[in-house]
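Every chain is numbered from 1 and lettered A, B, ... according to where its sequence line falls, protein lines coming before strand lines.
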2 protein chains.
Amino acid sequence: MYGMEAKTRLVESARELMWDRGYAATSPRAVLDAAGVGQGSMYHHFRGKEDLARAVVEGNAETMRAQVDRDLAGPGSAVERLARYLRRERDVMRGCRFGKLAQDPDVVASPVLGPRVADMFGWLVERLEVVVREGQAAGELRDSLDAHRVASAVAATLQGGYVLARAAGDPAAFDSAVEGLLGLLDTARTTS
Amino acid sequence: MYGMEAKTRLVESARELMWDRGYAATSPRAVLDAAGVGQGSMYHHFRGKEDLARAVVEGNAETMRAQVDRDLAGPGSAVERLARYLRRERDVMRGCRFGKLAQDPDVVASPVLGPRVADMFGWLVERLEVVVREGQAAGELRDSLDAHRVASAVAATLQGGYVLARAAGDPAAFDSAVEGLLGLLDTARTTS
DNA sequence: GTCTATAGTAAGATAGAC
DNA sequence: GTCTATCTTACTATAGAC
């Protein structure tokens, strides 16, 4: 963290703290201490807390889109690709960087942060929907299923899995939810 | 709110504020203003913010257990009862009173609040699991399904549905997720 | 029981030196 | 560009009068 310039260190420190504590609970003071820079440095590079968070969110969005694309656009059938996405190794107890923000009233109310979180989830569900449709076109998944709704259920199970895991204090709760959904998805295949 | 004694007004005010803002973001100051009482009154009836939250959570737990039992223990097949639970009218944009707490680091870290939230979700998943097993015993749901995992997926979809709705700023995202799961549950029925 | 006054700490941001 | 000092406001809690 100390081999970078101050601006980069600020964003990286904020990224870690926001992942753990969310937006509202991440104070500029804590970010500065973690980055090892003074306050003046932050207010030189950013307009304030919200602007720093914007930089964090933009970086996270790029990373997440790339990860999702890797899982969903790779080889395999539709269900195999959904399974690869759902079962990807995750830092379950830290939660989803975006799901955490969506729960924060300050984020949703922010004109700069709110739309970015909304866009991320809108994109994700659309992306999942495409995979479901491909599965239907290939005759793998039943045509009777509503692709958008199934995609929404997949995204929701993931987000809810994080909630259950944090509530239980046990990552296994996340795995149970994911495997439960995959079990149901398996019954929705035309081939068996 | 003003027809009750101060202690009751404090709990009710805190309940509303915590539903909207969560635990950490709900200040005693805001609760006192909403309840229309002074600070001394609160510190007479409660040991502090955490103790007041405990009273709120205990009341919420009772309410939620009663609601879930009404939905799941009533008449109908297993899938019908799960659908009644999932489709029950909800204040989607306000979210789940317990899911919100599970996401709050201060709550999870609290020895008095954390276990209460954990117990609530543990009880819920167990309760859903019983319904799935009943469906299997009745020959309605496939025996190949893991009841615990399916129950976890149901609970997770609900919690994740709230996340998607808040991110999108649209309750319809919640409905899509719920209907997506119900669509998958329908394919898991042995009868059609 | 309920109130106001006040304490001590931390939040988020600004000013101005270097 | 980066620093420290300072400002204003809010938080959670305590003290002590009524």
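No cation-pi contact links Arg149(B) to Phe174(A), judged by a cut-off of 6.0 Å to the six-membered ring centre and 45° from its axis.
One can place CZ of Arg29(B) at 18 Å from C1' of dA10(C), the figure rounded to the nearest angstrom. Protein atom CG of Leu17(A) is 11 Å distant from nucleotide atom P of dA11(C), rounded to whole Å. Between Asp33(A) atom CG and dG12(C) atom C1' the separation is 14 Å, expressed in whole Å. dG12(C) atom C1' lies 14 Å from atom CG of Asp51(A), rounded to whole Å. Nucleotide dT9(C) holds its P atom 19 Å from the NZ atom of Lys49(B), rounded to whole Å.
Applying the 3.5 Å distance criterion, the base of dA15(C) shares no donor-acceptor pair with the side chain of Gln39(A).
When the shell of 6.0 Å around CZ of Arg47(A) is examined, it contains 12 or fewer heavy atoms from other residues, nucleotides or ligands.
Within the nucleic acid shown, Ser27(A) comes within 4.0 Å of sugar-phosphate atoms alone, with no base atom in reach, counting heavy atoms only. Among the protein residues, Gly48(B) comes within range of the sugar-phosphate backbone only, with heavy atoms under 4.0 Å from sugar or phosphate atoms but none that close to a base.
Side-chain N or O atoms of Arg84(A) include one that pairs as donor or acceptor with a backbone N or O of Asp71(A) at under 3.5 Å. A side-chain donor-acceptor contact under 3.5 Å links Glu80(A) to the backbone of Ser77(A).
With salt bridges taken as basic N to acidic carboxylate O contacts below 4.0 Å, none links Asp69(A) and Arg65(A).
With DNA chain C read from its 5' end, the first of the two nearest nucleotides for Ala6(B) and Ala30(A) is the one closest to Ala6(B).
On the nucleic acid side, DNA chain D has its first and last nucleotide under 4.0 Å of a heavy atom of chain B at dC11(D) to dT14(D), going 5' to 3'.
In terms of heavy-atom proximity, Val108(A) sits nearest to Ala102(A) at CG2-O, 3.4 Å.
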